[in-house]
Every structure is written in C-alpha cells, then in structure tokens.
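Here is the structure we will look at.
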Amino acid sequence: MSRPGPRLYDLLPAYVRYRDAAGADEPLKAVMEALELPFQVVRDDVDDLYRAWFIETCADWMVPYLGDLVGVRGLESSRRLLPTARARVANALAYRRAKGTPAALERAARDATGWPCRVVEYGRRTAASPCLDEAAAAGTVDLRRAADLELLGGPFNVLPHTADFKPSTAENPPLGDAGGFQLLQLGLAFWRLESYPVTGAVPAELGGDLGAEAGGESGGMRRYAFHPYGLDAPLFNAPATAGEPVFASTERHLPGPLRRLALADEIESLAVGRVPASDYLGSDAVFQILVAEDGGELQLLPPEALAIADLSAWEPAAVRTIPAPRQATVRAFVDPVLGRFLLPGGTTARRVRVAYSHGAAMDLGGGAYSRAESLRHARGVSWRAIVAEDCEPRYDPESRLSYFSSLAAALEAWNSGRSLPIPSSRRAGTAPQSGIIRICDSATYAGSLRIGLKDRWLAIEAADGCRPCLRGGLAVAGQPPPVMDAAWRQATPSAQSARQNELRVNGLWIEGGITIQGSALLFLEHCTVAAPYPGRSASPAVAFGAERDGAGELAGQGSIPERVVVDARRCILGPLDLGRRLVDLRLADCIVDAAGARAIDGSRTAADLARCTVLGEVAVGELARAVDVLFAAPVRATLVSDGEVRFSHVPAGSRTPPQERCQGGGAQGPTRVGAAVTPAFTSTAFGNPAYAQLSPAASVELRQGGEDGNEIGVYNRLRGADRLGNLPDVCEEFLPWGMTARVFFVT
C-alpha cells in the first residue's frame with residue numbers, strides 16, 4: 001500500500017498559493033481540488049506499476065506472468081496456484097544455479113507444494129557390486145549403531161538396501177509411495193503434518209505412583225502426560241530455520257515426531273560436557289518442563305536433569321535403563337514418542353507446566369495458531385473480563401477491565417451482574433447485556449460451569465496464541481421459547497434482538513459437552529468439544545436440558561418448541577444430540593466423531609454442512625445442503641424433496657435429497673460419479689496427529705472428488721490434489737536426464 005502523498009494544490013509554488021488566497025473564493029484551489037481525484041488515480045496506478053516489477057510486492061494475479069518471464073512452468077492453472085508460488089518464482093534463479101542438486105530440488109518441491117520436503121538419493125543407499133577401480137560399496141549393517149537402525153525405513157535412512165526393480169503399474173506408479181531403490185531414481189519425501197507449539201500448558205496428572213523402588217531415595221514417581229486430556233500423543237519437533245537460501249533438510253528443519261535416541265544422545269553429550277551432534281534442547285528447546293514446589297516460582301528443568309526412557313508400560317524397569325551415575329541427577333524421565341513423563345514424588349502443592357509442540361494437519365479444533373481474523377472486537381460491549389491462571393483478581397477502572405484467575409470466577413461475576421472480581425454484596429448488581437471473556441493463557445480450568453444468556457450475549461475466546469482447556473462442560477440457560485420465537489420473526493440475524501441469547505466460544509478445548517436449556521444461539525469457532533477418546537465417558541458435544549414446566553406455551557398459540565442455532569466452524573466435535581428441537585445446524589470445516597455411535601441425531605434439524613468429515617450415522621429432518629462432505633456412515637433425512645447433496649461421499653443405505661456428482665455406494669442420479677468407494681483414513685483416533693486424515697492409499701475418487709478437484713472432507717482446504725499437480729513440472733525441470741522420482745509421505 002502506498003503512502004498518502006501531498007495534495008496537488010500543495011505542490012504549487014508558495015507565491016502562487018499566496019496570490020490565489022488573496023483573491024475571492026480561491027478559484028485556483030477549487031480547480032486543483034477538482035483535479036485531486038484523477039491525480040490520485042494516476043498516482044496509485046504509477047505506484048502499482050512500480051510494485052508490479054517485483055515478485056515480493058506484485059498482485060497475486062501477476063505471479064504467473066512474472067513466472068513466465070523466468071521460465072517457471074506449471075503456474076498457468078489458477079486452480080493450482082498456491083501461496084508458495086510467489087517464493088517459487090522468487091527463487092527460480094537460485095534453483096538453477098544449483099540445478100540437479102538435491103538441495104535445489106528440495107526447495108523447488110517445497111515451494112511448488114507448500115509441504116516440507118527432503119530428497120532421498122536411492123542410488124547412494126543401494127548396495128551394488130563395485131568396479132575394480134572404485135571403492136567397495138558397503139553392503140552390511142552394524143547392528144551396534146542403534147541410531148542408524150531407528151532411522152531404517154524413513155527418508156534419513158543411511159543403511160544399504162538391495163535393488164528394487166519393480167515396474168511401474170497402476171498399483172506402483174512412477175509418482176507412488178512404494179519401491180525406489182535404484183541407481184537412477186530419487187525419492188521426494190513430504191511431511192503433510194504441521195508442528196504447533198504450546199507454551200505454559202498444564203499437563204495431565206494421571207494419578208498412581210510407581211512405588212518408592214522406582215524413584216530410589218527420592219520416593220515414588222508421579223505420572224504425567226503432555227496432552228491436557230492425558231492421551232498418548234507424540235511430541236513434534238519445532239522446525240529450526242536455516243539461514244541458507246538453498247539447503248538440504250535435516251531432521252531439525254522438519255516438522256516430524258521426535259525420536260528417543262536422538263534426544264538421549266544429546267542429553268548424554270551435555271551431561272559429560274561434549275558438544276552434541278544435534279540441537280534439540282538448546283536455546284530453542286523442542287520441549288520444556290517447569291516445576292514449582294510448595295508454592296514457589298516455576299523452575300525450568302535443564303537438559304542435564306532430563307532422561308529419555310521408554311514409558312510405554314509405565315514400568316519402573318524403564319527408569320533403571322539410565323546409567324547409575326546419572327540417576328542421582330535426573331529429575332524427570334521423558335518419553336517423547338508417547339508424550340509421557342515421570343517426576344519424583346513430592347509435596348501435593350507442586351505445580352507443573354510444560355511447553356512442547358504437537359502435530360496436526362491444519363488449523364482445526366483450537367490451538368496456539370493465529371486466529372486473529374476470527375476474534376471479534378465488538379463495539380458497545382458493556383462488560384469485559386480477562387482470565388489467566390496467574391492473574392491477580394482486580395478491576396481496572398481506567399480500561400474498565402475485570403481480571404480473574406479462573407473461568408469459573410469470571411462466569412460467576414457475569415451471571416450475578418457484578419463488575420468487580422470481589423465477593424458479592426447484599427445489593428444485587430445490574431446484569432450486563434453484553435460481554436467478552438478473554439482467556440490469556442494455555443492453562444487447564446476445572447469444573448462444570450453455567451452461563452446465563454437471557455436477553456444477553458456473551459463471547460468466551462482464547463487470546464491469539466493460547467490454547468486453554470476446560471475439564472468439564474458448559475450449561476447454557478437461554479430465553480424462554482415464546483419470547484425467542486417473537487424475536488425470531490424479526491428482520492435480520494444481525495439485529496439486536498437476534499444478538500440476545502447468544503454465546504460465542506472461540507479457541508477452547510472443552511472436555512465435556514455444551515448443554516442448552518431454552519432457546520439460544522450457539523456459535524463455535526476453532527473449538528474442540530467433547531471429542532471422543534479412550535478413558536472418557538461418552539457425552540454429546542451439544543445436547544439439551546430437561547423440559548421446563550410450561551415451557552413453550554403461549555396463550556392462543558398452543559405449544560411453541562424451543563429453537564436453537566448451532567453454528568460451528570473449524571471445530572472437532574463429539575456427537576450432536578439434538579433430539580426433537582427445531583435446530584438450525586450449520587457446520588463448516590468440522591469433524592463430527594461419534595466413535596461408532598450416531599454422530600448427528602435430530603429429527604427436526606435443518607442441517608447445512610460444508611467441507612466436513614462425519615464419523616458416524618446421521619439422522620436429520622432436512623439436509624438443506626451438503627457440499628464436500630465425507631459421510632463415513634449412512635445419512636438419512638426425513639424430508640428429501642428439498643435440499644441438495646453435491647460432491648460428497650454418500651455410503652450405501654443413505655436417504656438424501658437430490659445428489660450431484662457424489663461418490664460411494666449411496667450415490668445416485670444421472671450425475672453420479674465413481675463406484676462404491678470406501679474411505680481409508682490414516683487414523684480415526686482422536687489425539688493422533690493425523691486424525692481423520694485421508695490416507696495416501698485412499699481412492700482417487702475421494703482424493704480428487706471435491707467441488708474444486710481436491711479431496712472430500714474437512715481437509716479440502718489443504719488442496720492436496722493441487723499441490724501434487726504442481727510436482728511433474730518441477731521434476732521435469734530439475735531432475736537430471738534419465739532419472740525418475742517417486743513421491744511418498746512421511747506424515
């Protein structure tokens with residue numbers, strides 16, 4: 001954006017402006033002001049022409065044209081134009097200066113797809129009979145090098161492999177994920193998952209004690225999990241930034257799961273004073289554990305006080321694998337593969353905080369990623385509160401902000417109408433009509449909380465970069481149905497009447513569900529609500545409370561049922577138990593997982609779904625719209641004359657409105673596409689980094705069956721088919737003559 005320049009009149013000489021001011025009505029100034037708008041149009045056009053010379057500042061539509069000037073191919077299709085295409089054009093000359101090298105191909109493939117990449121040179125890993133004038137190629141394996149064995153089968157494998165000459169077929173294509181060990185073949189390894197850092201989080205203490213024999217003189221060991229719900233989730237590397245414009249990726253530069261041996265070798269090197277070969281636990285450590293005893297300050301455990309162990313069975317024997325001289329100095333035993341750690345038993349006043357990175361495919365379900373665009377700063381809000389675990393409860397009259405140390409205290413103040421975080425007085429306060437509660441840390445808050453929304457609206461949001469968790473549920477008390485029904489008939493949803501009885505939740509992990517009583521409007525963004533996982537009793541993400549006596553009765557009109565709007569975007573939800581209420585259900589970019597039960601149950605629900613993955617049966621009254629939706633189980637709608645289902649996967653046994661270009665055994669109509677395909681997921685277990693992600697082995701009908709030619713389901717926005725569609729042009733340009741490339745996915 002150009003800076004505002006001087007006015008055209010100000011560019012005139014001073015004596016001319018002086019003489020014009022001496023006259024009546026300043027005629028010259030009036031003429032120049034009339035020319036001001038055309039002058040600014042010409043000036044902005046000149047600025048745009050200047051910015052168009054540079055790939056860093058040009059408009060998005062000009063990127064293919066600049067790419068054509070430097071010979072970058074594959075940018076002609078606007079559908080496959082990714083945000084990283086700008087970097088691909090900018091670095092085109094740097095790639096060609098190192099043409100044919102793995103480092104240049106890595107960076108070009110990274111910019112073409114947007115995925116981190118590493119080139120695997122199969123020729124260097126293929127065991128071959130040497131010529132007489134060449135050194136013998138090693139064809140044996142040293143089984144004492146455990147670190148090399150841990151890398152076997154991955155892109156960083158250094159062990160030799162026998163040649164693999166399987167021909168290319170439909171099951172083993174040239175750009176496939178099988179085979180590869182040939183002298184004239186390269187592998188392109190991609191990481192589809194991203195690494196998301198979390199700081200100041202509260203780990204889940206799993207309870208139980210391993211016994212005094214496990215901790216020696218320090219007592220028993222206390223069990224913890226990095227995941228706030230106590231799940232086994234691997235810790236991910238926080239990728240380091242390389243300074244060179246073209247480089248060969250190492251494990252430290254890629255968003256992959258951490259390995260036990262790599263971390264153990266680094267810790268042992270630091271313990272004996274050697275320079276470690278890696279830098280996982282340096283100034284930018286991939287994980288940290290902070291402990292405070294007896295109400296003291298949190299103290300960071302140094303790397304020398306950590307030990308890497310296999311805690312898969314939580315057995316004391318895993319601790320005894322640490323050498324005896326080191327056991328006396330170890331204060332925590334960590335398993336990065338499972339996301340577990342042990343601490344010596346101590347006082348019950350202990351506080352533990354962790355910082356780590358977890359893996360996920362995209363910004364979904366709440367997290368420490370940027371959510372600035374979804375945070376609403378509404379004007380005219382009468383009540384604002386800040387919540388942080390280490391915050392001192394107080395009220396700032398200058399900013400009119402109330403500060404609380406717990407979410408329960410903030411909601412108590414909201415419900416009672418108190419403006420100050422102090423004990424309530426005898427005189428009841430005036431309940432605020434609108435409010436925002438912002439949580440500014442990644443702590444875990446306990447308790448099942450109640451929210452009063454009668455004639456009011458409230459937003460509970462996590463600050464950008466925070467991921468708070470709630471160990472419990474939310475109970476929402478809305479408006480009685482007759483009053484809400486009268487407001488429903490008014491003009492637009494943006495009217496003040498529609499904003500009443502509204503709850504917005506943004507960026508939270510809620511272990512329990514949300515129970516609604518009465519009529520209310522519920523908006524969820526970037527939230528994880530009642531996600532099904534082992535060890536938690538099944539509960540719906542959204543359900544309704546018991547009917548109230550006389551609810552819904554209006555004189556002269558009979559019974560009016562309660563009405564609710566449930567609108568969720570980029571959320572991970574458990575089952576939705578909507579019963580027989582009139583519910584407007586709108587889901588976009590969401591996962592609904594019922595863990596084998598019914599995912600959406602609402603006989604009078606009008607559903608509008610876009611780019612969702614539904615793991616469970618669906619029973620709704622009306623399926624108004626379903627676009628790019630992957631139904632893993634049958635979907636049945638009571639009213640099938642209205643609505644549409646487009647570019648979706650519909651299983652056999654479904655009953656839907658008219659379909660257009662759908663897949664699966666339930667696809668029907670003249671625009672049916674494909675056969676009875678079955679979804680193949682990398683994992684359907686919540687907590688797995690690749691949760692609900694389509695496997696690379698999934699059928700092409702699902703991977704390219706969406707409305708925009710990409711995959712069907714919640715990860716449609718990742719545009720996986722478009723990313724892979726840019727690879728052939730890169731391979732054709734940078735691969736040496738006679739060599740081929742194979743693509744495979746590490747995550």
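The basis for the numbers below is simple: all heavy atoms, side chains too, and nothing from hydrogens, waters or symmetry mates. Predicted, not measured: the structure shown is a model, and the values here were computed from it.
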Tyr369 OH to Arg467 CZ distance, which is reported to the nearest 0.5 Å: 11.0 Å
Main-chain N/O of Asn237 paired to Tyr280 side chain as donor or acceptor, under 3.5 Å: no
Heavy atoms from other residues, nucleotides or ligands near CZ of Arg569 exceed 12 (cutoff 6.0 Å): no
Full working for side-chain contact (heavy atoms from CB on, under 4.5 Å) between Val354 and Phe287: CA-CA 7 Å; Val354 293; Phe287 70 86; over 6 Å; no
Straight-line distance of Arg88 CZ to Asp111 CG, nearest 0.5 Å: 8.5 Å
Val746 side chain near Pro116 side chain, heavy-atom distance below 4.5 Å: no
Point-to-point distance, once rounded to the nearest 0.5 Å, from OG1 of Thr528 to CG of Asp593: 11.5 Å
side-chain contact (heavy atoms from CB on, under 4.5 Å) assessment of Leu105 paired with Leu188: CA-CA 9 Å; Leu105 182 58; Leu188 297 179; 3.9 Å; yes
Minimum-distance pair of heavy atoms, taken over all atoms of Trp191 and Leu254: CH2-CD1, 3.4 Å
Test item: Arg703 side-chain N/O and Ala698 main-chain N/O as donor-acceptor pair under 3.5 Å: yes
His358 and Phe226 aromatic centres sub-6.0 Å: no
Side-chain heavy atoms of Tyr715 within contact of Leu364, under 4.5 Å: yes
CZ on Arg611 to CG on Asp708, rounded to 0.5 Å: 9.0 Å
Phe744 and Pro155, any side-chain heavy atoms less than 4.5 Å apart: yes
Any donor-acceptor N/O pair, Arg86 side chain to Ile55 backbone, under 3.5 Å: yes
Trp509 ring center within less than 6.0 Å of His227 ring center: yes
4.5 Å side-chain heavy-atom contact, Phe681 and Leu694: yes
Criterion side-chain contact (heavy atoms from CB on, under 4.5 Å) on Tyr224 and Ile289, from CA distance to verdict: CA-CA 11 Å; Tyr224 293 87; Ile289 300 177; over 6 Å; no
Heavy-atom side-chain proximity of Arg717 to Asn710 below 4.5 angstrom: no
Spatial distance of atom CZ (Arg353) from atom OG1 (Thr199) [nearest 0.5 Å]: 12.0 Å
Asn688 backbone acceptor or donor facing Ser683 side chain under 3.5 Å: no
Verdict with reasoning, Val286 to Leu235, per side-chain contact (heavy atoms from CB on, under 4.5 Å): CA-CA 8 Å; Val286 292; Leu235 306 186; over 6 Å; no
Ser195 (side chain) donor-acceptor with Pro255 (main chain) under 3.5 angstrom: no
Test: Arg192 cationic atom under 6.0 Å from Trp115 six-membered ring centre, within 45° of axis: no
Straight-line distance of Arg259 CZ to Ile308 CD1, nearest 0.5 Å: 12.0 Å
Any donor-acceptor N/O pair, Glu701 side chain to Gln663 backbone, under 3.5 Å: no
N-O pairing of Arg252 and Asp279 below 4.0 Å: no
